[in-house]
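Since the structure comes first, as structure tokens, the remarks are kept for the end.
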Amino acid sequence: MKNIITLNDLIIKAVEELDEERVIKLASKALKSGMDPLFLLDLIKEGVKRVGKLYEEQKYFIADLIMAGLIFKEVLELEEIKAQFQRKSDEIEGKIVVGTVKGDLHDIGKDIFKGLMEVNGFEVIDLGVDVPEDAFVKSVIKYKPDIVGLSGVLTTTVESMKDVVEALVQAGVRNSVKIILGGNHITREACEYIGADSFTNDASEGVKICKQLLKSK
Amino acid sequence: MEDAKVLQQERISIYHDIYDDRVPKRVPVNINLPFEVIAQFGGLDLRQAHWNPAMLEEAVDRICELVYSDVCVFMGSFRYPSFYHILKSQSFKMASNGYIQHPEVSGMYPEDYDYLIKNPYDCLVERVIPRLYKAFNPDDPIGFALNFAKSLLAYKEDFTLSAEIRKKMIDKYGYYPEGLFSENCGFTETPFDFLADQLRGFKGISRDIRKMPGKVAAACEALYPLVFKKGLPKKISKYSQVFLPLHMPPFLREEDFAKLYWPTFKRMLDEYASMGIRCTIFCEHDWMRHLDYLYELPTDTTLWFEYGNPKLIKEKLGKKHIITGLYPIMNLKTKTKKECVEEAKRYVDILAPGGKYIFNFDKSPLLLSDIKLENLCAVAETVRDYAVYTNPGEVAGMVFKKEDYKASALKNFESRYYISREEYEKLYPELSDFARGKLERLDDEMFDYLMFLLL
């Protein structure tokens, strides 16, 4: 028992220290010795959450968040995980559709946010980059998400984001979702201008906001 | 025309005062707008205009008439679709709105590090460029050779067309003639940013920093002579500038920055300074935790800030370096004209005293819809009329002397794809000096183009 507790801690610590090789080695070892894949993923998530905390404390920076996301992805790729892991629907906190809006091909901010949201129990439907407004409308109708996340790096995306919100209004589905904007250039004024419910300049803050948005729905 | 000449003299003198470490008559207004904004202003289809830069001239003329600036309002552009299209670029693509963007790419794999460290230019030419530019197809060498030549012709044509427009406007409106695209100036990236950009990509470099920091440091050393040479202006004058957009530092931990980014970056600016060249660096994102490092850069480095506390920046760096930027371009869209003007005065009041300040926004707008032109004009004119010094000619802070900087002997690089003058002498003793010089210059132009494809 003592050994298993130690292994758990080691896995969490290896993720926290962003030691990819060690995480994979320990994870494989744990799975071979019979650890439940879902339990292993909880450990990885705990490690990623600690990375997020170090980021909030400004001890870690964006490059570290990306590395944590890459490690998480690597673990998901392990055969045992792929074979056995299927999320039970009652564990899902909420559903979100994300995409980088029309006219913008950047995906890094969106991908960091997506990774953190998944770790925090959200089902994420990723529409990719340069996504036109009608694709957002269609996926809101199809997937019935709780939240729509609009991402953008370029300042031009303010207009594209506004177009998405207006298209959702036109389609009569605006009030069925909460809308959050993500991007460095988004200010309170820009958020009001666009007509979204919330905005963030920071992916990990975005996760907290989404949890609040879920409660307020 | 006479008026333009007089105005140009005034503009030259205020910029030269800044670089000669004197308080100028007034704060230079350094506003320039990118290609896309001006195309929209002229009601042009951006997709068409990008393919035919000559279309832009009338709109450039009208916007120069409308917006006050001491430098040409049209900044020029690096990104025309012609050559990227011909070369089947993966790094630069046109989005649905006609805007040319740079998606995350990774032209170099982790297993390429050893080759890059040993033979950097060979690695770029043989491995990285062919992965990012799919026209480099080894199965079709002749088709590729023709397409490559065609792309170079397109590159020259489009850059020449936009340079001609700028030249006409500089003469007509009497702008300060230097800028990113003049032959006294250069453009490059730091070794680390170059590695993190099209070579490894943001995700790739984030992983390498943790997994193989020694190789990252060695790769920066190997790339140093290449990116340094790329930045060198064609002609070096007392007012030469090299522009470097800095990308990665805000996203790195301090210890990673100090070990991996800073050494080759600092050495690069010192080496340019030893040649009398000063640099303008765009400090993308938030640099407030790196201010002490910025202080260590050569005197009169122009620091273009995107974010930050103007008071703290002026206090810490304002006596040594030239400060620019900070004024949020988003204000021009979201605030009233009165608020925009008051904000401009507030920045001037903080940053102008003692000299070493050039007015500019935190970043360039990307599309016309990012700004209200009326507010832009009001801000520019306010700075011109309000930011006037009572003590022009006084010494402004610390004085730049190139003798203060030591050049580490410029390591040249060896590559089978780049032939130096000495090699030409050995290879072709029968050629005249002029002929060998010409061949060497053509090698330099080819070097310049290939490196450009990775910037």
Side-chain angles (χ1 to χ4, degrees), chain A residues 17-23 54-55 58-71 73-74 100-112 115 128-133 152-160 162-163 183-194 201-202, chain B residues 36-37 40 46 91-105 196 201-211 248-257 260-261 284-286 288-289 306-307 328-335 339 361-371:
Chain A
E17 288 171 356
L18 302 173
D19 189 337
E20 183 183 1
E21 272 165 37
R22 198 166 156 74
V23 173
L54 285 163
Y55 173 73
Q58 299 211 344
K59 288 181 182 139
Y60 275 12
F61 291 87
I62 299 277
D64 301 301
L65 286 187
I66 290 178
M67 187 61 196
L70 290 172
I71 291 176
K73 247 188 202 163
E74 289 284 317
T100 303
V101 295
K102 197 168 85 178
D104 197 338
L105 302 177
H106 293 87
D107 63 0
I108 289 194
K110 171 180 69 65
D111 285 355
I112 294 173
V129 298
D130 200 8
V131 180
E133 51 269 26
V153 166
L154 306 175
T155 50
T156 54
T157 53
V158 170
E159 290 304 324
S160 306
K162 193 173 166 61
D163 291 345
N184 238 321
H185 59 295
I186 305 290
T187 57
R188 169 131 336 264
E189 288 90 349
C191 179
E192 281 167 17
Y193 171 80
I194 291 162
N201 311 118
D202 178 302
Chain B
E36 293 79 0
V37 171
Q40 281 212 322
L46 191 52
S91 326
F92 295 95
K93 293 183 167 185
M94 212 186 239
S96 51
N97 55 2
Y99 193 89
I100 294 169
Q101 291 182 34
H102 179 25
E104 161 95 348
V105 290
F202 205 137
K203 286 174 201 162
I205 198 78
S206 298
R207 176 177 264 164
D208 300 344
I209 291 168
R210 300 269 70 83
K211 286 184 81 170
M248 289 300 293
F251 311 117
L252 305 178
R253 294 183 210 166
E254 188 182 336
E255 61 262 37
D256 296 332
F257 171 78
L260 302 175
Y261 193 100
E284 187 185 329
H285 204 67
D286 187 348
M288 292 306 282
R289 65 192 169 97
E306 188 176 3
Y307 290 90
I329 192 94
M330 281 297 268
N331 280 1
L332 301 180
K333 186 188 181 86
T334 56
K335 297 199 170 173
E339 286 167 336
F361 299 105
D362 58 343
K363 54 179 160 285
S364 301
L366 287 171
L367 284 177
L368 187 64
S369 49
D370 286 353
I371 50 172

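The sequence lines fix the lettering, A, B, ..., with proteins before strands; numbering per chain opens at 1. Just so you know, these numbers use all the heavy atoms, side chains as well, and skip hydrogens, waters and symmetry mates.
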Which portion of A/Asp111 sits near chain B, non-hydrogen atoms under 4.5 angstrom: side chain
Nearest heavy-atom pair of B/Ser206 and A/Ala63: which atoms, and what distance? CB-O, 3.4 Å
Which of A/Leu70, A/Val158, A/Thr187 touches chain B most, by non-hydrogen pairs under 4.5 Å: A/Leu70
Looking at B/Arg253 and A/Phe61, what are the two nearest heavy atoms and their distance? CA-CD1, 3.5 Å
So how far is it from A/Ile66 CD1 to B/Phe251 CZ, rounded to the nearest 0.5 Å? 8.5 Å
Output all residues satisfying side chain to side chain donor-acceptor pair (under 3.5 Å) with B/Ser91, sequence neighbours left out; order by chain, then residue number. B/Gln198
Residue B/Pro250 versus chain A: region with a heavy atom under 4.5 Å: backbone
Spacing of CG belonging to B/Asp362 relative to NE2 belonging to A/His185, to within rounding of 0.5 Å: 12.0 Å
Given a strict heavy-atom distance threshold of 4.5 Å, which part of A/Asn184 is in contact with chain B: side chain, backbone, both, or neither? both
CG-CE distance between B/Asp208 and A/Met67, expressed to the nearest 0.5 angstrom: 9.0 Å
Tell me, for B/His285 versus chain A, whether the close heavy atoms (under 4.5 Å) come from the side chain, the backbone, both or neither. side chain
Looking at CG of B/Asp286 and CG of A/Asn201, how far apart are the two atoms once the value is rounded to the nearest 0.5 Å? 11.0 Å
So, the part of A/Glu21 with a heavy atom under 4.5 Å from chain B: the answer is side chain
Got more than 12 heavy atoms from elsewhere within 6.0 Å of CD, A/Glu189? yes
Chain A shares the most heavy-atom pairs under 4.5 Å, among B/Lys203, B/Met330, B/Glu104, with B/Lys203
Kindly indicate, with the supporting measurements, whether the criterion side chain to side chain contact (heavy atoms under 4.5 Å, CB included) is fulfilled by B/Arg210 and A/Glu20. CA-CA 8 Å; B/Arg210 300 269 70 83; A/Glu20 183 183 1; over 6 Å; no
Answer with side chain, backbone, both or neither: which region of B/Arg207 has an atom nearer than 4.5 Å to a non-hydrogen atom of chain A? both
Among B/Arg289, B/Glu36, B/Lys335, B/Lys333, single out the residue with the greatest number of heavy-atom pairs under 4.5 Å to chain A. B/Arg289
